Amino acid sequence: MTLVVVSIVAVSSAQPARAQTDVTLEVGASQMGPSLGDDAEAARFGVGGLRASHYELSGSGVAAGFLFGHTMGGQTGGDFFSASLGGSLVDEWGGGWAGGMDVRLLGFGIRAPYPYRALAAEGGPMLRFTRGTFSMTTAAVAGIGRSRIRLWRVPGGRGRLFFDDLWRVGGTTEILFGSADIRAGLAAGVHETTGGTFSSGGGRLIFVGGQAAIEVRADVWRTPAGTDLIGGLEFVIPLAGWSLRGFLGRSEPDPLTLAAPGGGSGGLLVGRSIMSRGPEAPGTASNYEIVEATARGARVRIRVEAPENAKRVEVLGDFTLWEPVAMTPRRGGWEAEIEVPAGAHHYGFLADGEWYLPEDEPSAVPDEWGRMSAILVVDTES
Amino acid sequence: MRNSPWILLVVIALAASGATAQETARDRAARTLPAPVFEELSSLAASVEGSGIPEEPLFAKALEGAAKRVPQDRLVPAVREYAGRLRLSREALGVDADVPLLVAGADALQRGVAASALRDLPRDRPRTPMALLVLAELVESGVPVDRALDMVRDAMAQRARDQRMLDASARVRMLIRQGVPPRDAVERVRAMLRDAGRAGPALPPGSEPVRPRR
């Protein structure tokens with residue numbers, strides 16, 4: 001039995017903004033409780049998959065992922081496979097307004113308790129207003145899909161296939177406000193679907209510290225099957241090429257695939273970044289690179305393309321008390337390695353004894369005499 | 001005992017090399033600058049010491065000028081001007097500001113940041129030289145000072161590392177170069193800073209297996 005998942009989203013950007021690309025391999029475990037009112041045993045899975053994303057500064061981008069799950073016990077789930085491909089096209093209009101389009105293709109299949117597959121696509125326009133730490137996002141969504149399930153009249157007998165058309169039309173609004181590290185918000189949505197009306201409303205609390213984040217959410221969902229309080233805690237903690245992602249709570253229903261609310265679920269995945277390419281920061285792609293951290297700061301390799309015919313090039317800065325340090329001709333330029341204390345420093349070069357700074361030096365400050373000095377930064381946590 | 005003079009020489013050499021490694025800006029200024037310039041600098045340093053201005057940046061500034069082959073008669077006036085900015089920086093940042101922060105404050109003032117903006121930096125989070133450098137870069141790029149301060153506050157609130165702060169500033173300047181108005185550019189990057197850590201979808205697709213409603 002196959003699980004099918006696909007998602008597709010075309011993305012482009014009005015601005016040629018630089019992008020962040022990540023590919024992460026994840027393995028972990030998850031557990032899903034039975035639907036509310038169901039006495040079945042919780043299903044446990046060992047899971048593993050791959051996530052990839054490519055997002056530009058504007059918010060436009062694509063994300064794709066697939067995940068295999070192997071059942072580890074319980075009666076309500078079997079081996080599964082899912083995949084999705086989605087993305088966003090965002091255009092900044094100025095004054096804090098932005099608009100765009102989100103699209104998602106997804107597929108899913110599971111072996112037990114009944115062989116089930118679903119393939120669906122959804123998407124719609126989005127409008128966002130941001131002012132300081134306040135943001136409001138409204139999105140409309142329409143989706144279509146098809147599901148297939150095989151049922152047996154008697155165990156081991158010949159199964160009969162049932163096909164269902166899936167569709168939904170709806171919209172959501174989310175408002176967030178607060179400070180940079182703590183934000184609170186409200187969200188609401190309503191959807192007309194194959195199976196009836198789904199509506200939801202609730203709150204979020206988001207804590208952000210560096211690249212790590214914790215999000216707590218609670219929503220009341222009204223579905224054709226009844227009213228449920230759904231919510232939980234999500235977190236993501238990146239750490240030097242690794243990441244830890246998890247969820248604990250009750251899983252949301254899905255108006256498109258008509259997935260029922262979960263009675264309680266949790267999952268923990270350890271991720272290993274196998275590719276991470278960030279936008280080149282123009283202010284830092286300059287004449288130096290950190291070789292290794294040291295007790296006081298870092299050992300830094302400084303490199304410069306000196307003027308043609310320069311016979312002697314030296315580097316100097318406040319970290320050398322402005323005493324010139326000879327550089328060595330290497331790979332068509334001049335290089336030197338120096339230990340530099342943590343912090344921001346001014347520096348530059350002497351080419352045959354004359355002050356020299358490349359014209360394309362991306363980050364420079366003026367001095368008291370009308371010249372410029374380059375800036376070298378050794379992160380306090382290098 | 002015949003080796004004693006050699007041992008003594010080695011000890012002296014080691015001591016000398018240790019002294020070189022710990023040489024201060026004042027030491028090097030005394031060693032390399034003309035005596036009248038050094039004396040004038042020493043007087044200047046003594047006269048501003050009471051205002052909480054450390055002497056090291058003053059001597060370092062003179063060394064910078066000398067390294068850049070600035071005429072001798074222009075060294076002390078420039079250092080005097082620099083001392084004035086250090087004083088303003090001290091007044092704005094407070095008595096607890098360390099030397100690197102003080103120097104970064106003086107740089108920011110030279111690049112057009114108002115002293116009041118330095119005062120408005122939050123004090124409940126560590127103030128780093130990088131925060132002031134980024135503030136100065138943003139203001140120099142045309143970002144209104146209140147918006148620049150908002151971005152630096154966000155970064156400080158998230159305890160952003162130095163490199164991340166510098167990246168954010170570089171991205172704002174990149175957007176400005178692409179024609180985005182400075183005010184919008186900084187808002188975009190602030191939004192990026194805010195959303196960088198958001199958890200997003202709880203788990204990869206499939207970790208919550210969809211079950212048929214039958």
Side-chain angles (χ1 to χ4, degrees), chain A residues 5 15 26 30 32 47 49 51 57 65 67 69 77 80 82-84 92 94 96 106 108 110 114 116 118 130 149 179-181 206 208-213 215 234-236 247 251 257-260 262 265 267 281-284 316 318 321-322 343-344 355 365 368-369 371 377 379-381, chain B residues 23 25 28 60-61 63-70 74 78 81-82 100 104 107 110-111 128-130 133 137 150 153-154 157-163 166-167 169-171 173-174 178 181 184 187-188 191-194 196-199 202-214:
Chain A
V5 180
Q15 297 284 348
E26 288 185 316
S30 65
M32 190 182 70
V47 294
R51 288 187 298 119
L57 187 59
L67 193 83
F80 70 87
S82 76
S84 71
E92 300 278 352
L106 60 93
F108 179 82
I110 188 167
Y114 307 105
Y116 171 82
T130 306
I149 187 168
S179 65
D181 45 357
I206 302 166
V208 178
Q211 293 288 308
E215 182 166 344
E234 304 168 25
F235 62 85
V236 56
F247 172 78
S251 56
T257 58
L258 305 179
S265 61
T284 59
L316 68 170
D318 53 28
L321 292 180
W322 297 98
W355 182 250
V365 289
E368 283 70 13
W369 304 281
R371 295 175 175 80
V377 176
D379 200 307
T380 47
E381 296 174 47
Chain B
E23 187 178 35
R28 180 163 153 71
K61 181 57 72 180
L63 290 172
E64 178 184 348
K68 291 176 174 176
R69 308 285 159 85
V70 171
R74 292 178 62 195
E81 182 190 327
Y82 184 52
D107 285 349
Q110 188 186 17
R111 297 173 79 177
T128 61
M130 180 52 67
L133 173 66
E137 284 188 342
D150 284 345
R153 283 194 196 105
D154 284 359
Q158 293 183 15
R159 295 177 171 79
R161 293 174 57 159
D162 288 352
Q163 197 61 55
L166 201 61
D167 285 352
S169 164
R171 288 175 195 196
R173 288 180 289 135
M174 181 184 75
Q178 289 174 357
D184 291 341
E187 286 305 317
R188 273 198 210 181
M192 180 202 71
L193 280 174
R194 270 200 314 273
R198 187 158 182 200
L203 292 174
S207 53
E208 301 294 335
V210 176
R211 286 172 296 170
R213 295 175 63 250
R214 294 216 180 234

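Residue numbering restarts at 1 for every chain, and letters A, B, ... go by the order of the sequence lines. Remember, predicted model here, so these are calculated numbers, not experimental data.
- Both the backbone and the side chain of B:Leu63 come within contact range of chain A, each with at least one heavy atom under 4.5 Å from a heavy atom of that chain.
- Considering all non-hydrogen atoms of both residues, A:Val47 and A:Ser30 come closest at CG1-OG, 3.9 Å.
- Two residues are said to be in side-chain contact when any heavy atoms from C-beta on lie closer than 4.5 Å; A:Phe235 and A:Glu215 fail this criterion.
- Ranking B:Glu81, B:Lys68, B:Arg69, B:Lys61 against chain A, the residue ahead of the rest is B:Lys68, based on heavy-atom pairs under 4.5 Å.
- Interatomic distance, CG of A:Leu316 versus CH2 of A:Trp322, reported as 6.0 Å (0.5 Å rounding).
- For chain B, the nearby part of A:Trp355 is the side chain; its heavy atoms alone come within less than 4.5 Å.
- Heavy atoms closer than 4.5 Å to chain A are found in the side chain of B:Gln110, but not in its backbone.
- Of all the listed residues (B:Ala66, B:Ala67, B:Pro100, B:Ser169), the one sharing the greatest number of non-hydrogen pairs under 4.5 Å with chain A is B:Ala67.
- Within the 4.5 angstrom heavy-atom criterion, no atom of B:Ala104 approaches chain A.
- Looking at B:Arg28, its side chain does come within 3.5 Å of a backbone N or O of A:Leu321 through a donor-acceptor pair.
- Residues passing the side-chain contact (heavy atoms from CB on, under 4.5 Å) test with B:Arg74 are A:Trp369, B:Val70, B:Pro71, sequence neighbours excluded.
- Within the 4.5 angstrom heavy-atom criterion, no atom of B:Asp150 approaches chain A.
- Within the 4.5 Å cutoff, side-chain heavy atoms of B:Arg111 are placed close to those of B:Leu133.
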